[in-house]
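Okay, so here's the structure we're looking at.
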Protein chains: 2
Amino acid sequence: MRVFGIDCGTEITGYGVVESDDTGREPRLICKAMGAIRLAKSKTLPERLAQVYRELIAEMERWQPEAVAVEEVFYSVNAKSALKLGQVRGVALLAAACQGLPVAEYAPLRIKSSVVGYGLAKKEQVQFMVARLLELAEVPQPADAADALAVAICHIHTAQTLLQQGAIR
Amino acid sequence: MRVFGIDCGTEITGYGVVESDDTGREPRLICKAMGAIRLAKSKTLPERLAQVYRELIAEMERWQPEAVAVEEVFYSVNAKSALKLGQVRGVALLAAACQGLPVAEYAPLRIKSSVVGYGLAKKEQVQFMVARLLELAEVPQPADAADALAVAICHIHTAQTLLQQGAIR
């Protein structure tokens, strides 16, 4: 199973591709790719949105994931920030739809629980555990890429749990 | 000059194509097309965003406008609504960018001033004046299409004013 995680942001949108390898004695998680799309401030908003869209489509075509995972938005932000974030998020969800990929959304608490085992874990703990689960020598940079890998891991863990329960095959 | 106006909404996104005809003794405004994209509630969010994107791209390709005009978002809405609206708006702005069209944004007050001559005009007054300026027998339906025509008219009026002032050629 290969999952494309996206962490949408107004300035930086992170992505990460995680694959589960169930061929060995113990299931492993492999980081196939990660990166961050930094939006040029000199560009207009429509141009910035086109940049996010094109880069996400290019990475999805390159890595051929089976699903996309994104974080549910936490509404403590104000309306102005929510609108800006929504514009980027809409384009990211569109990219998934145009590639024919199903999209799964996970609440921040759920992602932390899935990666660290504790829903109120700090951001740094999540990033440390992402590196450990994916057997990376260092914590993924920037943090947006690490967050994207975290939501992809959450999706794989959720799918594995459902499989074990016989809920999906 | 042909302008494609868009009125983004979470459930219905209106659009309208307005052309200025400066060949006669008096400049005229012509409504070339108008419509509304109603989002199926049975679909997932990514599917709905893909529907908006595809329909807008199809209409832009059909009508070959020179510019796109949208309303600036009024921040009195709450963060949850702003995020939802932002997702649709991001996709609409992306459609314009992918077609290589410049996007102009106008504040609600500016649009009302431009169409009715009074910034605090009521919604019904704006819709009535849209019908009158475009020489339509009836007020455009749904209201979302009328609002899209209004922002397109605002863009044409603004461009004509700038032309008269010699600011652009």
Side-chain angles (χ1 to χ4, degrees), chain A residues 4 6 8-11 13 37 39-40 43-58 60 65 67-108, chain B residues 4 6 8-11 13 37 39-40 43-58 60 65 67-108:
Chain A
F4 194 99
I6 309 177
C8 296
T10 311
E11 292 176 10
T13 290
I37 305 167
L39 298 183
K43 291 184 178 174
T44 65
L45 172 61
E47 285 168 348
R48 288 201 297 267
L49 295 171
Q51 186 196 341
V52 172
Y53 181 73
R54 289 188 190 122
E55 292 195 28
L56 286 178
I57 289 279
M60 286 176 190
V68 169
V70 294
E71 188 174 306
E72 269 175 24
V73 176
F74 187 44
Y75 293 115
S76 72
V77 293
N78 64 45
K80 194 168 179 175
S81 306
L83 180 89
K84 283 187 181 178
L85 179 62
Q87 290 173 157
V88 175
R89 198 170 193 266
V91 165
L93 296 177
L94 174 71
C98 288
Q99 293 293 102
L101 298 171
V103 178
E105 293 187 62
Y106 296 98
Chain B
F4 194 99
I6 309 177
C8 295
T10 311
E11 291 175 12
T13 290
I37 305 167
L39 299 183
K43 291 184 180 175
T44 64
L45 172 61
E47 286 168 348
R48 289 200 296 268
L49 294 171
Q51 186 195 341
V52 172
Y53 181 74
R54 290 189 189 121
E55 292 196 29
L56 286 178
I57 289 278
M60 286 175 189
V68 169
V70 294
E71 188 174 306
E72 271 175 24
V73 176
F74 187 44
Y75 294 114
S76 73
V77 293
N78 64 45
K80 195 168 177 174
S81 305
L83 180 89
K84 284 186 179 178
L85 179 61
Q87 290 172 158
V88 176
R89 197 168 193 267
V91 164
L93 297 177
L94 174 71
C98 288
Q99 292 293 102
L101 298 171
V103 178
E105 293 187 61
Y106 296 98

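Predicted model only: the values in this text are computed from it and were never measured. In what follows, every chain begins at residue 1, and chains take the letters A, B, ... in the order their sequences are listed.
- Sparse packing is recorded around CD of B:Glu11, with 12 or fewer heavy atoms of other residues, nucleotides or ligands lying under 6.0 Å away.
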Apply side-chain contact (heavy atoms from CB on, under 4.5 Å) to residues A:Thr44 and B:Val103 and explain how you reach the verdict. CA-CA 9 Å; A:Thr44 65; B:Val103 178; over 6 Å; no

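- Pairing each heavy atom of A:Pro46 with each of B:Ala97, the nearest pair is O-CB, 3.4 Å.
- There is no contact between B:Ala96 and chain A, counting heavy-atom distances below 4.5 Å.
- Counting heavy-atom pairs closer than 4.5 Å to chain A, the top residue among B:Lys80, B:Lys84, B:Arg89, B:Glu105 is B:Lys80.
- Heavy-atom distances place no part of A:Arg48 under 4.5 Å from chain B, backbone and side chain included.
- For the atom pair B:Leu83 CG and A:Leu85 CG, the distance stands at 6.0 Å (nearest 0.5 Å).
- In terms of heavy-atom pairs under 4.5 angstrom with chain A, the leader among B:Leu49, B:Val91, B:Val88, B:Leu94 is B:Leu94.
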